[in-house]
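Have a look at the structure below, then the notes.
Note that these values count all heavy atoms, side chains included, but never hydrogens, waters or copies made by symmetry. Count residues from 1 along the sequence.
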Amino acid sequence: MTSKKPAGPKSKSGKKQAKSSQAAPAKQVRAKPGRQADSPENAPAIPKARTPEVPEVSPALDPADRERLLAGTHHDPHTVLGGHPVPGGVAFRAFRPYAEAVTVVFDDVRAELGDDGEGFFSGLLPLTEVPAYRLLVSYDGTAHETEDPYRFLPTLGELDLHLLGEGRHEELWQALGSRVLTQQGVTGTRFAVWAPNALGVRVAGGFDFWDATGFPMRSLGSTGVWELFVPGVGEGELYKFEITRPDGSRTVRADPMARRTEVPPATSSIVDVSRHEWGDAQWMAHRADRPVHEAPFSVYELHLPSWRPGLTYRQLAEQLPAYVGDLGFTHVELMPVAEHPFGGSWGYQVTGFYAPTARLGTPDDFKYLVDKLHQAGIGVLMDWVPAHFPRDEWALAEFDGRPLYEHGDPLRAAHPDWGTLEFDFGRREVRNFLVANAVYWCEEFHIDGLRVDAVASMLYLDYSREAGQWTPNEFGGRENLDAVAFLQEMNATVYRRCPGVVTIAEESTAWDGVTRTTHHKGPSGFGGLGFGLKWNMGWMHDSLAYMSHEPVHRKYHHHEMTFSMVYAYSENYVLPISHDEVVHGKRSLVSKMPGDWWQQRANLRAYLAFMWAHPGKQLLFMGQEFAQGAEWSEAHGPDWWLLDPAYGAEAEHRGVRELVRDLNTAYRATPALWERDTDPAGFEWIVGDAAEDNVFAFLRRDAEGGPLLCVANLSPLARHDYRLGVPDDVPAWHETLNTDLARYGGGDIAGHDTVKPEPQPWHGRPASIRLTLPPLATVWLRPA
């Protein structure tokens with residue numbers, strides 16, 4: 001923080017905040033000065049009272065107030081600075097470090113204040129009430145006319161303060177942080193921050209040359225909120241809060257509620273005003289028409305900074321909707337977009353929970369991207385990280401000198417795996433910060449869904465902790481009751497306020513009722529967490545384990561592909577092949593497959609078609625749609641060169657992408673694959689025990705009972721005349737998808753135009769059909 005003497009304050013745009021002292025003639029008045037608080041022996045005589053009943057007082061500050069203002073520990077500077085009626089008139093007091101002179105200006109009057117030393121100025125004017133005055137402040141012989149922040153009433157009303165105190169302010173971003181507004185006819189920026197342990201808070205920024213001394217904030221009672229309206233400060237201004245800790249030391253912090261930040265590694269917050277005009281009214285009006293679990297839902301997950309490295313939000317808006325739309329995905333899922341200091345965290349260590357990362361543009365630029373995706377008919381999900389936050393000294397950790405956002409118990413605060421801090425979910429203001437944040441992304445940025453990261457780490461007190469490193473809850477259990485209450489509140493609030501939005505839990509355990517309603521208690525005694533969907537981590541681990549085996553060994557692991565149906569309807573599931581499965585030593589999806597290059601791609605194609613037909617929604621990470629062989633790295637993103645026609649194997653990669661496009665096209669056109677994802681009546685095994693053959697066959701049914709038959713042959717042998725039992729009410733079956741087609745890179749062994757059932761019972765069915773099953777392939781058939 002600089003301490004050099006400034007030439008005079010300017011706005012962010014460089015324009016002077018005030019008129020020159022020569023702007024207009026005015027009546028010159030010399031205000032009656034007060035004594036210098038630190039030199040009473042030199043103080044001028046206090047003017048005699050005009051009447052014995054109304055004695056005049058010195059307008060100078062009390063020594064204790066001076067000291068607290070200089071130390072940054074004054075809890076209510078507005079009570080001593082500005083204009084205040086006193087016996088004998090109105091006392092004006094200003095605290096302008098480095099100023100040479102301060103003059104009060106109103107109507108045609110100019111009254112110079114006395115210099116009380118150390119940046120304090122005061123004077124007494126014979127007025128009956130405080131006028132709407134301005135200050136003429138001189139620095140190095142140059143005068144600037146400006147508004148006095150200490151003549152304005154608080155910008156937060158009683159309702160705001162009540163909701164803040166209760167931890168129930170669902171539009172918290174409207175009350176805290178920086179906000180450009182007009183107060184008492186004057187435009188400026190209101191700064192507000194929650195820091196209940198602070199002895200004092202001041203605001204620093206470009207407008208005060210990063211010297212916060214002259215801009216102390218006031219404490220708004222028991223809420224722990226500090227507030228200051230600074231006239232003349234507007235959009236684009238950089239700022240931080242200077243907080244005096246309980247021990248008297250100071251720390252300078254970014255705004256936890258900042259809606260815009262500097263580009264990392266810079267850490268200042270920025271005053272933001274949104275000017276985006278949305279063009280997605282049709283999307284927003286209809287996104288709640290059908291419940292998500294009864295709708296097509298196939299998701300393309302991506303990391304925005306590395307999908308096309310170097311592109312901004314607006315540049316991505318010109319490419320991403322077209323690419324995803326061409327592939328037929330219904331949604332994109334964005335890895336965390338909230339501001340984070342370390343790009344290598346992929347956004348999962350958040351410091352700016354209310355600000356889209358500035359690496360790719362402004363908040364309005366991000367809105368533009370969401371808008372364009374909606375206009376292309378593509379929903380937008382984003383990863384949301386309420387489980388933890390990093391320890392950066394300019395961010396949330398011990399924000400006001402004591403544990404605030406983190407738990408007060410060091411064992412509860414420290415995340416054992418990531419070196420971060422866990423939120424104190426039992427503190428109402430912290431829950432409010434997070435619940436409002438979930439609402440904020442959905443309402444301000446039109447986000448259609450939140451995938452909540454690391455839910456398991458929140459739910460269990462003993463998560464990654466050894467015995468003795470955690471304390472049981474009040475009932476002696478390992479459940480984090482505070483986190484349960486927070487997740488229930490978050491889900492209930494989002495679903496109430498934001499129709500059509502879905503919340504998705506990345507929860508890796510068998511916690512009961514993740515997608516059950518919050519008011520419905522299960523066997524454990526807990527109400528449901530209230531999520532709309534849950535990642536099926538069990539299916540992902542089991543199915544990938546099966547596919548990684550050489551086909552000759554797969555018969556011993558057949559259950560790994562069928563076990564998911566034992567619990568498929570215990571929750572509303574998403575089948576996730578996410579970034580976590582294709583990074584840092586885990587190999588890409590195609591590289592997990594056994595065999596030579598042809599077999600790897602055949603296995604991949606068969607697996608994707610099996611996945612798209614399995615109950616549950618689909619999620620596929622970028623690069624896997626064209627069988628990228630390398631693991632994903634945020635440093636360079638997908639290997640797009642594999643799709644360059646000049647590359648010799650381009651057709652093999654493009655074939656897999658063609659399959660993904662056709663999977664999505666057939667999927668969206670086939671209600672049997674999504675309409676009854678959460679209804680056991682929507683699934684029937686034809687044969688689930690053909691371990692020796694490595695064959696799986698099942699039916700999916702839509703709400704009207706219409707079937708789709710999926711058959712996967714995960715052996716390297718073609719199986720001719722393979723008999724399968726089928727319902728006898730379907731006169732003929734037509735093949736709608738075959739992953740062995742030549743255009744996908746397959747062997748094109750056989751296709752089925754029309755297959756008619758024979759009256760021969762099989763697999764417990766009254767009729768059967770005979771198929772040729774290509775090797776390492778999945779076929780879909782529908783009634784002809």
### Query
Would you call Arg391-Glu398 a salt bridge at under 4.0 Å N-O?
no
### Heavy-atom closest contact (Arg259 atom, Ser178 atom, distance)
NH2-O, 3.0 Å
### Task
Using only heavy-atom distances, determine whether the side chains of His75 and Arg68 contain a donor-acceptor pair under 3.5 Å.
yes
## Note on the structure
ring-ring contact (aromatic ring centres under 6.0 Å, His included) pairs touching residues 157-188, sequence neighbours excluded, are Trp173-Tyr440
### Task
Would you check, one step at a time, whether the test salt bridge (Lys or Arg N to Asp or Glu O under 4.0 Å) holds for Glu235 with Arg275?
CA-CA 11 Å; Glu235 179 181 3; Arg275 305 185 186 282; 2.4 Å; yes
### Task
Could you tell me whether Glu170 and Arg496 make a salt bridge, using a distance below 4.0 angstrom between a side-chain N and a carboxylate O?
yes
### Query
Do we see a donor-acceptor contact under 3.5 Å between the side chains of Trp283 and Asp371?
no
### Query
So, Asp211 side chain and Thr213 main chain: donor-acceptor pair closer than 3.5 Å or not?
yes
### Task
Answer with yes or no after comparing the ring centroid distance for Tyr354 and Phe433 against a 6.0 Å cut-off, counting only values under it.
yes
### Interatomic spacing from CZ in Arg151 to CZ in Phe229 - rounded to 0.5 Å
9.0 Å
### Query
Which pair of heavy atoms, one from Val430 and one from Leu404, lies closest together, and at what distance?
CG2-O, 3.5 Å
#### Entry: Lys/Arg-Asp/Glu bridge criterion (N-O < 4.0 Å) met for Arg427, Glu406
no
### Message
Side chains of Thr155 and Glu227: any donor to acceptor distance under 3.5 Å?
### Response
yes
### Task
Compare every heavy atom of Arg218 with every heavy atom of Asp76, then report the nearest pair and how far apart it is.
OD1-CB, 3.7 Å
### Query
Quick one: which of Lys372, Gln375, His446, Lys367 gives a side chain to side chain donor-acceptor pair (under 3.5 Å) with Asp280?
His446
### Query
Are side-chain heavy atoms of Leu136 and His144 found at a separation under 4.5 Å?
no
### Query
Below 4.5 Å, heavy atoms only, C-beta onward: do His74 and Leu199 meet side chain to side chain?
no
#### Entry: Steps toward side chain to side chain contact (heavy atoms under 4.5 Å, CB included) verdict (Leu135, Arg96)
CA-CA 10 Å; Leu135 296 178; Arg96 291 283 170 159; 4.2 Å; yes
### Message
Under 4.0 Å between a side-chain nitrogen and a carboxylate oxygen: does that hold for Arg428 and Glu166?
### Response
no
### Steps toward side-chain hydrogen bond (donor to acceptor under 3.5 Å, both in side chains) verdict (Glu100, Ser138)
CA-CA 5 Å; Glu100 296 174 338; Ser138 296; 5.8 Å; no
### Query
Is the side chain of Glu237 donor-acceptor paired with the backbone N or O of Gly234 at a distance under 3.5 Å, no angle test?
no
### Message
Donor-acceptor check, side chain of Gln184 to backbone of Leu153, threshold 3.5 angstrom: yes or no?
### Response
yes
### Task
Quick one: sort the Trp194 and Tyr405 rings into parallel, tilted or perpendicular, breaks at 30° and 60°.
perpendicular
### Task
Could you pull out the closest heavy-atom pair between Arg250 and Leu70, with the gap in Å?
NH2-O, 3.5 Å
### Query
Is Arg359 salt-bridged to Glu339, going by a charged N under 4.0 Å from an acidic O?
yes
### Query
Between Thr142 and Asp140, do the side chains contain an N or O donor and an N or O acceptor separated by less than 3.5 Å?
no
### Message
Checking Gln183 against Arg190: is there a side-chain donor and acceptor pair closer than 3.5 Å?
### Response
no
### Message
Distance alone, cut at 3.5 Å: any donor-acceptor contact between the side chains of Asp116 and Ser122?
### Response
yes
### Query
Of Trp441, Phe423, Trp384, which is the lone residue that meets ring pair (Phe, Tyr, Trp, His ring centres under 6.0 Å) with Phe353?
Phe423
### Query
Judged by modelled atom types alone, do Tyr313 and Asp364 share a side-chain donor-acceptor pair under 3.5 Å?
no
### Query
Taking the side chain as C-beta and beyond, is there a heavy-atom pair between Leu304 and Leu316 under 4.5 Å?
yes
### Message
When you compare the side chains of Thr420 and His388, does any donor N or O come within less than 3.5 Å of an acceptor on the partner?
### Response
yes
### Message
Could you measure the distance from the CG atom of Leu373 to the CG atom of Leu334? Nearest 0.5 Å is fine.
### Response
7.5 Å
### Query
Hey, are Arg497 and Glu443 close enough for a salt bridge, meaning a charged N less than 4.0 Å from a carboxylate O?
yes
### Exam field: side chain Arg202 to backbone Leu69, donor-acceptor pair closer than 3.5 Å
yes
### Task
Measure across Ala195 and Asp400 and return the closest heavy-atom pair with its distance rounded to 0.1 Å.
C-OD2, 3.3 Å
### Query
Do any N or O atoms from the side chain of Asp148 and from the backbone of Tyr150 form a donor-acceptor pair under 3.5 angstrom?
yes
### Message
Given 3.5 Å as the limit, does a donor-acceptor pair link the side chain of Ser249 with the main chain of Arg245, or not?
### Response
no
### Spacing of CG belonging to Leu238 relative to OG1 belonging to Thr261, to within rounding of 0.5 Å
9.5 Å
### Task
Output yes when a side-chain donor or acceptor of Thr244 lies under 3.5 Å from a complementary backbone atom of Gly72, and no otherwise.
yes
### Message
Between Asn432 and Arg168 (side chain of the first, backbone of the second, donor and acceptor by atom type, cut-off under 3.5 Å), is there such a pair?
### Response
yes
### Query
Just how far is it from atom CG of Asn437 to atom CE of Met490, taken to the nearest 0.5 Å?
10.5 Å
### Task
Show your reasoning for whether side chain to side chain contact (heavy atoms under 4.5 Å, CB included) applies to Trp210 and Ser268.
CA-CA 11 Å; Trp210 294 99; Ser268 292; 3.5 Å; yes
### Spacing of CG belonging to Leu220 relative to CG belonging to Leu164, to within rounding of 0.5 Å
8.5 Å
#### Entry: Short side-chain to backbone donor-acceptor contact, Thr223 and Gly165, under 3.5 Å
no
## Note on the structure
Scanning both residues in full, the closest heavy-atom pair of Ile447 with Val501 reads O-CG2, 3.5 Å
#### Entry: Pairing residues for Phe120 by the ring pair (Phe, Tyr, Trp, His ring centres under 6.0 Å) criterion, not counting sequence neighbours
Phe95
### Query
Among side-chain atoms of Thr182 and Thr187, is any donor-acceptor pair under 3.5 angstrom?
yes
#### Entry: Sub-4.5 Å side-chain heavy-atom contact between Cys442 and Leu450
yes
### Beyond-backbone contact of Ser269 with Arg260, side-chain heavy atoms, under 4.5 angstrom
no
### Message
Please evaluate residues Phe425 and Phe486 with respect to the criterion ring pair (Phe, Tyr, Trp, His ring centres under 6.0 Å), reporting the C-alpha separation (whole Å), side-chain torsions for both, the decisive distance (0.1 Å), and the verdict.
### Response
CA-CA 6 Å; Phe425 300 113; Phe486 155 65; 5.1 Å; yes
### Message
Considering only residues two or more places apart or on different chains, which pairs with a residue in residues 232-254 satisfy ring-ring contact (aromatic ring centres under 6.0 Å, His included)?
### Response
Phe191-Tyr239, Tyr239-Phe241
#### Entry: Check ion pair Arg314-Asp365 (N to O, under 4.0 angstrom)
yes
